[in-house]
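Following: one structure in structure tokens, then a few remarks.
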2 protein chains.
Amino acid sequence: MKGINMIQLAKELGLSVSTVSKALGDSHEISSSTKKRVMELAKKYNYKPNPFASNLRKKKGKQIAVIIPDIVNNFFALAVDGIESVTMAKHYDTFIYLTHENLEREKSVLEHLENGLISGLIISVCTGREGYGHFQQFYESARLPMVFFDRVPDLLQFPKVISNNYESTFESTERLIKAGSKRPLFIQTEEPLYTLMERRRGFQDALVANGISFTDESLITCTENMEDNYLLLKKLFSSRKRPDGIFAPIEKFAITVYQVCRDLKLNIPKDLKVIGMTNLRTAALLNPSLSTLSQPAFDMGREAATLLLKMIEKKSYAAANDIIVLANELTIRDSV
Amino acid sequence: MKGINMIQLAKELGLSVSTVSKALGDSHEISSSTKKRVMELAKKYNYKPNPFASNLRKKKGKQIAVIIPDIVNNFFALAVDGIESVTMAKHYDTFIYLTHENLEREKSVLEHLENGLISGLIISVCTGREGYGHFQQFYESARLPMVFFDRVPDLLQFPKVISNNYESTFESTERLIKAGSKRPLFIQTEEPLYTLMERRRGFQDALVANGISFTDESLITCTENMEDNYLLLKKLFSSRKRPDGIFAPIEKFAITVYQVCRDLKLNIPKDLKVIGMTNLRTAALLNPSLSTLSQPAFDMGREAATLLLKMIEKKSYAAANDIIVLANELTIRDSV
DNA sequence: AATTTTTGCTATAACGTTTTCGTAAAACGT
DNA sequence: ACGTTTTACGAAAACGTTATAGCAAAAATT
């Protein structure tokens with residue numbers, strides 16, 4: 001007994017389809033008595049309007065897409081949780097697409113979504129600052145509301161939800177220095193990314209503000225290949241000029257630092273003070289407990305979704321230039 | 001310049017819409033020369049068929065739904081990753097719905113999906129073994145392919161992807177015992193769940209097989225409230241009859257055990273040997289490194305999705321009774 | 001009482017596809 | 001040459017909604 005449709009409802013009620021449609025839409029054109037009749041029969045038969053028919057006719061639906069680099073990462077998982085909490089409440093359906101830091105994949109997802117399946121987009125871009133053109137292009141042709149969060153394309157005018165990366169990294173770095181670090185190190189990625197550049201800027205300014213010179217040795221570049229990173233850091237940490245403090249602006253880098261220290265038997269925090277930017281729930285249980293700068297991931301997701309739905313419903317998809325900034329949270333534990 | 005449609009394509013080509021439709025569908029009714037003409041113009045205009053129109057007409061689409069209790073959990077995140085890897089490859093779109101262990105939410109998602117938005121479902125149920133009726137009911141009325149993974153409704157006949165919970169828990173428990181544990185403890189949940197019952201059965205049988213009697217004290221019941229659990233475990237661990245080994249069949253319980261031990265200054269593994277069922281990437285970095293029984297989460301997701309798409313495409317949604325069993329992996333570290 | 005306005009409903013045309021059926025023309029068989 | 005099949009396309013009817021326009025009857029206004 002597959003779902004009933006409006007036509008059958010109308011027939012049984014002795015009404016026209018249009019009346020039924022309007023009644024279900026709670027239109028003022030319909031008397032409250034017939035409305036009630038319709039609603040009741042609809043409930044009795046568990047009638048559900050066919051979203052394809054309805055979306056086709058209305059030329060829009062209640063589906064949105066989330067494009068993120070990764071889901072196996074507490075930050076993004078929390079963000080999705082936040083997003084879902086609002087789409088769920090507002091009866092939107094949420095598609096999820098993972099790019100795995102692959103620009104081509106990001107492009108192809110976007111291209112796919114030009115078919116009109118969705119009414120809005122929440123995005124966190126993958127690394128690499130070259131490729132923002134596809135977003136602009138997508139917007140030109142699809143004209144859909146888009147909200148970026150955390151990893152945002154700084155060069156594009158879109159609504160964004162970010163956290164205070166510069167300030168909080170500045171503060172974190174100062175804590176490293178005040179705890180005694182003379183040679184702090186910042187781990188940067190191969191591919192540039194606005195979010196990370198802000199963190200780096202905070203790091204750099206904190207050094208300078210505290211009388212430490214910022215040199216080539218204040219930075220190391222890690223890649224997507226975790227084994228390479230492990231070896232790279234191992235080599236650096238074994239050298240005579242090894243750093244005595246680390247700010248890891250990405251979760252997995254912090255983990256690698258711990259692995260290397262464990263294997264080299266370096267003492268954290270004595271030999272090396274560590275602050276990692278992460279939302280790991282187990283940070284406090286690591287050996288030693290990891291000092292973290294954590295992002296309000298859930299809230300960022302929630303804010304992004306709230307903003308997006310507002311744009312969708314108000315049809316104000318003019319590239320609103322709202323930027324919502326939330327605060328990161330620094331938690332100092334034994335690793336500093 | 002919003003997307004072009006078939007009608008405009010047909011007009012420009014001097015063909016009928018049906019011909020264009022068939023050409024794009026690579027129908028044998030159309031000559032290869034016109035096919036080429038059509039394809040080329042379609043590509044030129046970046047034509048994308050409207051999925052709503054197409055789904056409406058065909059009465060099915062390329063969208064599936066994933067219903068899971070939680071995404072902020074490495075197991076489920078990995079599983080979603082696995083699912084997405086295959087839906088992506090096969091050009092399906094993936095909806096995500098989080099139940100947060102809330103049965104009502106689970107029911108309402110299911111009810112919502114009776115509107116026909118999707119062509120198939122991948123589910124991991126929330127705790128509580130009473131409420132499987134809604135799945136059966138959904139299937140009766142929607143007749144959609146459904147695949148369950150990990151947390152499966154044992155009482156229902158549906159295709160399932162699980163891991164060898166009984167055997168691997170048996171083995172894990174034996175390791176605890178062989179490492180010297182005389183009084184192993186199993187943490188169970190308030191709400192029963194087949195998956196967990198299997199693990200408990202493995203635990204119990206391992207005790208018996210190794211000459212340890214299985215009593216009320218071999219079990220403790222934790223809830224969804226982590227603070228309560230913390231206090232409960234703290235009390236137990238402070239008592240004289242405290243256990244000297246723990247099998248935590250859920251990630252968050254293992255974390256709580258660590259928290260309690262840290263705060264009570266209990267030495268792991270000397271005072272308490274711990275094995276946790278988890279997919280935490282940081283297990284090796286905990287203090288001390290946590291011995292884990294981990295599930296092949298990504299693979300489970302991948303298998304579930306592969307099976308589902310097969311069912312969708314073969315239209316064999318007869319409640320196939322396939323059960324795919326993958327192997328968990330035991331990694332003994334310092335906590336034992 | 002004659003008029004305008006409002007109320008409550010219906011008929012019908014979209015929305016953009018896919019599918020079924022029909023049919024000329026071309027190809028084939030005898 | 002004639003009938004039959006195949007090829008390549010088009011016309012039109014779905015799919016299940018929603019939106020627009022129209023229209024009686026009832027209510028309100030003059």
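Note that the structure is predicted; figures quoted are calculated from it, not measured. Convention: sequence-line order gives letters A, B, ...; per-chain numbering from 1.
Between the CG atom of A/Leu13 and the C1' atom of C/dT10 there is a distance of 15 Å, given to the nearest Å. When rounded to the nearest whole Å, the span between NZ of A/Lys36 and C1' of C/dC9 equals 19 Å. One can place CE of B/Met6 at 12 Å from P of C/dG16, the figure rounded to the nearest angstrom. Between B/Leu117 atom CG and D/dG16 atom P there is a gap of 16 Å when expressed in whole angstrom units. Rounded to whole Å, atom C1' of C/dG16 lies 11 Å from atom CD of B/Gln8. The distance between atom NE2 of A/His28 and atom P of C/dC9, rounded to the nearest whole Å, is 13 Å. Here the P atom of nucleotide D/dT17 and the NZ atom of A/Lys58 are 12 Å apart, to the nearest Å. B/Asn55 has its CG atom 13 Å from the P atom of D/dG16, to the nearest Å.
Annotation: the span from B/Asp81 atom CG to A/Asp70 atom CG amounts to 6.5 Å, rounded to 0.5 Å. Between the CG atom in B/Leu78 and the CD1 atom in A/Ile71 there is a gap of 10.0 Å [rounded to 0.5 Å]. The structure places CE of B/Met311 at 7.5 Å from CG of B/Asp322, a figure rounded to the nearest 0.5 Å. Atoms OG and CG, from B/Ser119 and B/Asn55 in turn, are 7.0 Å apart once rounded to the nearest 0.5 Å.
Candidate nucleotides D/dT18, C/dG8, D/dA13 were compared by shortest atom distance to the side chain of A/Ser54, and D/dT18 ranks first. The side chain of A/Lys22 lies closest to C/dT10, out of D/dC9, C/dT10, C/dG16.
For A/Ser18, no side-chain nitrogen or oxygen approaches OP1 or OP2 of D/dA19 to under 4.0 Å. Contact annotation: A/Thr34 side-chain N/O to C/dC9 OP1/OP2 distance is under 4.0 Å. Contact between the side-chain N/O atoms of A/Lys59 and the OP1/OP2 oxygens of C/dG16 is found at a separation under 4.0 Å. When the side-chain nitrogen and oxygen atoms of B/Ser21 are compared with OP1 and OP2 of C/dG16, none of them lie within a distance under 4.0 Å. In terms of phosphate contacts, B/Ser16 brings a side-chain nitrogen or oxygen within less than 4.0 Å of OP1 or OP2 of D/dG10.
A salt bridge does not link A/Lys43 to B/Glu111: none of the charged nitrogens lies less than 4.0 Å from a carboxylate oxygen. Here B/Lys160 does not pair with B/Glu303 in a salt bridge; the nearest charged N to carboxylate O distance is not below 4.0 Å. Salt bridge annotation for A/Asp26-A/Lys35: present, with a cationic side-chain nitrogen under 4.0 angstrom from a carboxylate oxygen. With respect to B/Glu84 and A/Arg105, a salt bridge is recorded, a charged nitrogen being found less than 4.0 Å from a carboxylate O.
Classification of the B/Phe148-B/Phe158 ring pair by plane angle, with boundaries at 30° and 60°, yields tilted. By the 30° and 60° cut-offs, the orientation of the rings of B/Phe52 relative to A/Phe52 is tilted.
When the local axes at the two ends of the helix from C/dA1-D/dT30 to C/dT30-D/dA1 are compared, using 5 base pairs at each end, they differ in direction by 40° after rounding to 10°.
Nearer to the 5' terminus of DNA chain C, by closest-nucleotide assignment, is the contact made by A/Val17 (compared with the other of B/Arg57 and A/Val17). Summary of the strand contacts: B/Val20 and B/Leu56 both lie near DNA chain D, and taking for each the nucleotide with the nearest heavy atom, the more 5' one is attributed to B/Val20.
Using a 4.0 Å heavy-atom distance criterion, A/Gly116 is classed as making no nucleic acid contact.
Across residues 38-53 of chain B, not one residue has a non-hydrogen atom less than 4.0 Å from an atom of DNA chain D.
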